Amino acid sequence: YVQYSYAELRKAQADATELLESMSIFNSSDVNIMENQVEIYILPEYTKSYLDAKTAGKINLPDCVKVVYMTDPESPE
């Protein structure tokens, strides 16, 4: 069953992107229809800023938004 409509996902995507960019946490995002979620991709250089803001309670994203932490392809694993 579909929990979120496409319009709801697009709104969540826009709201999350606007919130993060207002905090200078630049990201990329996509609506994943198959998983019925928004995926926000946080670049490595913004991960600490994101986690600090989340811990401080400044970021509260809806349940349909999944944060994906990108890794630096140049760094050793």
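Worth saying up front: this structure is predicted, and the values here are computed from it rather than measured.
Ser5 is linked by a side chain to side chain donor-acceptor pair (under 3.5 Å) to Glu8, counting only residues two or more places apart in sequence or in another chain. Taking Tyr41 as the reference, Glu39 meet the side chain to side chain donor-acceptor pair (under 3.5 Å) condition, with sequence neighbours excluded. With sequence neighbours left out, the salt bridge (Lys or Arg N to Asp or Glu O under 4.0 Å) criterion links Asp15 to Lys11. Checked against side chain to side chain contact (heavy atoms under 4.5 Å, CB included), Glu18 has no partners two or more places apart in sequence or in another chain. Partners of Lys48 under the salt bridge (Lys or Arg N to Asp or Glu O under 4.0 Å) rule, at least two apart in sequence or in another chain, are Asp52.
Between Val38 and Asp30, every side-chain heavy-atom pair lies at or beyond the 4.5 Å cut-off. No side-chain heavy atom of Ile42 sits less than 4.5 Å from a side-chain heavy atom of Phe26. Counting heavy atoms from C-beta on, the side chains of Tyr46 and Asn27 never come closer than 4.5 Å.
In this structure, the side chain of Ser22 engages the main chain of Leu19 through a donor-acceptor pair within 3.5 Å.
Put simply, CD on Gln37 and CD on Gln13 are 12.0 Å apart, with the number rounded to the nearest 0.5 Å. Taking OG of Ser28 as the reference point, atom CG of Leu43 lies at 8.0 Å (rounded to 0.5 Å). Expressed to the nearest 0.5 Å, how far OH of Tyr4 lies from CG of Leu9 amounts to 8.5 Å. The structure places OH of Tyr50 at 8.0 Å from CD1 of Ile25, a figure rounded to the nearest 0.5 Å.
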Identify all side-chain donor-acceptor contacts of residues 57-68 below 3.5 Å with residues at least two apart in sequence or on another chain.
none

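Nearest heavy-atom pair across Tyr6 and Ile33 is CD1-CD1, 3.3 Å.
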